[in-house]
Amino acid sequence: MDLIDEPPSNTPEFSVSEISGAVKRVLEGEFGRVRVRGEVGRVMVARTGHMYFDLKDDRAVIASVSWKGQVARMAVKPEEGMEVIATGRLTTFAPQSKYQLQVESIEPAGAGALMAMLEKRKAALAAEGLFGADRKQRLPYLPRVIGVVTSPQGAVIRDILHRLRDRFGVHVLVWPVAVQGQACAPEVARAIKGFNALPHDGPVPRPDVLIVARGGGSIEDLWGFNEEIVVRAAADSQIPLISAVGHETDTTLIDYAADQRAPTPTAAAEIAVPVHADLMAHLANLDARLIRSGGQAITQRQQRLRDVARALPRPDTLLAPAVQRLDQWAERFPGSLRAALHSKAQELRGIAAGLRATTITHQIDKGRDRLAERTGRATRAVTNTLERQATQLAALERLRQSLGYPATLQRGYAVVRDDAGAVLTSAQAAGRKPALQVEFADGVLDVLPRKTDKPAKPKTPPPQQGDLF
């Protein structure tokens, strides 16, 4: 037993869940809906789409959470370092024994916060090279089709169409989008990508240039054109893109990613196409210059030809030496022809002198002797060949006779045939024939086989000469 007994306690006991629930009720009851100003700290978006971030000042931090549906409705997404005013309610998270702010909406804490976030985003995108001059594309001088991304209502689209109609009529495709609010950024990005996805030979003509346009407004109204998805879509566009968002003093991030910025939507239409009248006047001026330059070129060449012609010698001067040579050859030709005929006549007489009858007879006799000699050699060669082949033939005949079956018959053998003349080689086959012919060396003998119950079997040793069975 203790020396000092403590009196029994009257404090009630609570479970952990009961304490956690009581704290939750007190906290939510006291701070049902609050607006909290602070700097955004760590930001994390879960796979489920829920966003977790911190709100902090120089002395404290409040954990904050926005559910997926609340995040989708936010006009401005919180980014680290951004000063915001968050609207929501305080609650607790029992598994971790902490309280947190469930944020329903966020707004920048003044234009300064928005501009700071804008500069930070601009610097990050510029570091990726999305605003580089090497990415800029040249605009076509005279596009056939222009794609316009803007709201189908309002003065912007009317001003663009009116100015295009005044300057140079072209085919215009309008992709309607929301130009402010939460739907602005995804719809504008989708429109830019949609125009780029059109095939070149599809039923809908693919634009040669795009205009993204919107009228003036506050920084909050134009914020959709500062969103990253819009900037990346503009930078990735394969179709040259003109940014015409707001008035001349308004600047959004799409202006840096576009291939060219127009101060107003009307100016974008003026940049996209030339003035038809100016173009026709320019063409007329070029045509006149072409005609003048062509006439001047012809005149200059004619004068140059005349100058060159004066420097050339006269045709009779060029032909005079050749004419003189021709005259000389004409005078020398008859004498040269007579000399050539006399020379050929002498050569012919020398050849004729060598063709006397005795000479021809002598040549014939020599040819006859050569022919006789060659004929004798050929005859002897043929005779020798025939004798050699006759000797070989006689040897082959002797070999044939020694190996042929008549010679075998002379040695005492016989050949047995049936009445059709077919040779029989067994006694069994001979026994089935009605008549036989036996050929000996000195003739043929007709024989009728004996009738026996069993077919005859060949005897061993084979029959001697003269035996039939």
Handout entry: Minimum side-chain heavy-atom gap Val231-Phe131 below 4.5 Å
Key = yes
Handout entry: Within 6.0 Å of CD in Glu248, more than 12 heavy atoms from elsewhere
Key = no
Practice task
Could you tell me whether the side chain of Arg167 and the main chain of Val273 form a donor-acceptor pair under 3.5 Å?
Solution key: yes
Exercise for the section: Taking all heavy atoms of Pro265 and all of Gly246, pick out the closest pair and write down the distance. Expected result: CD-O, 4.1 Å
Exercise for the section: Assess whether atom NZ of Lys193 is packed by more than 12 heavy atoms of other residues, nucleotides or ligands within 6.0 Å. Expected result: no
Exercise for the section: With side-chain hydrogen bond (donor to acceptor under 3.5 Å, both in side chains) as the test, would you mind laying out the steps for Arg325 and Gln328 before giving the verdict? Expected result: CA-CA 5 Å; Arg325 288 194 300 270; Gln328 291 176 355; over 6 Å; no
Problem - Residues, nucleotides or ligands: over 12 heavy atoms within 6.0 Å of Lys68 NZ - result: no
Exercise for the section: Check each of Val149, Val204, Val148, Ile146 against Leu173 using the side chain to side chain contact (heavy atoms under 4.5 Å, CB included) test, and report the only one that passes. Expected result: Val204
Problem - Donor-acceptor contact present, side-chain Asp250 to main-chain His247, <3.5 Å - result: yes
Completion exercise
Between Ile211 and Ala268, the two heavy atoms sitting closest are CG2-CB, 3.8 Å
Handout entry: Test item: Tyr141 and Leu279 side chains (from C-beta on) under 4.5 Å apart, heavy atoms
Key = yes
Handout entry: CZ/Arg135: more than 12 non-hydrogen atoms of other groups inside 6.0 Å
Key = yes
Practice task
Taking the side chain as every heavy atom from C-beta outward, state whether Trp175 and Ile192 have any atom pair closer than 4.5 Å.
Solution key: no
Handout entry: Crowding at CD, Gln324 (>12 non-hydrogen neighbours, <6.0 Å)
Key = no
Completion exercise
All heavy atoms of Pro152 vs all of Ile157, minimum pair found to be O-CG2, 3.6 Å
Exercise for the section: Check whether any side-chain N or O of Gln260 sits under 3.5 Å from a backbone N or O of Pro240 as a donor-acceptor pair, and report yes or no. Expected result: no
Practice task
Check for a donor-acceptor pair, side chain of Ser343 on one end and backbone N or O of Ala339 on the other, with a separation under 3.5 Å.
Solution key: no
Problem - Heavy-atom check, side chain of Pro140 versus side chain of Arg144, under 4.5 Å - result: no
Handout entry: Thr87 side chain to Glu104 backbone, donor-acceptor under 3.5 Å
Key = no
Practice task
Taking the side chain as every heavy atom from C-beta outward, state whether Val156 and Val179 have any pair of such atoms under 4.5 Å apart.
Solution key: no
Problem - Minimum side-chain heavy-atom gap Val71-His50 below 4.5 Å - result: no
Handout entry: Atom OH of Tyr99 with >12 non-hydrogen neighbours under 6.0 angstrom
Key = no
Problem - Interatomic distance, Asn196 atom CG to Leu210 atom CG [nearest 0.5 angstrom] - result: 6.0 Å
Exercise for the section: May I ask you to check whether over 12 heavy atoms, not counting those of Arg289, lie within 6.0 Å of atom CZ? Expected result: no
Exercise for the section: Output yes when Glu228 and Lys77 qualify as a salt bridge under the 4.0 Å nitrogen-oxygen rule, no when they do not. Expected result: no
Practice task
Please indicate whether Arg301 has more than 12 foreign heavy atoms, meaning atoms of other residues, nucleotides or ligands, lying under 6.0 Å from its CZ.
Solution key: no
Problem - Side-chain touch Asp57/Arg37, heavy atoms, less than 4.5 angstrom - result: no
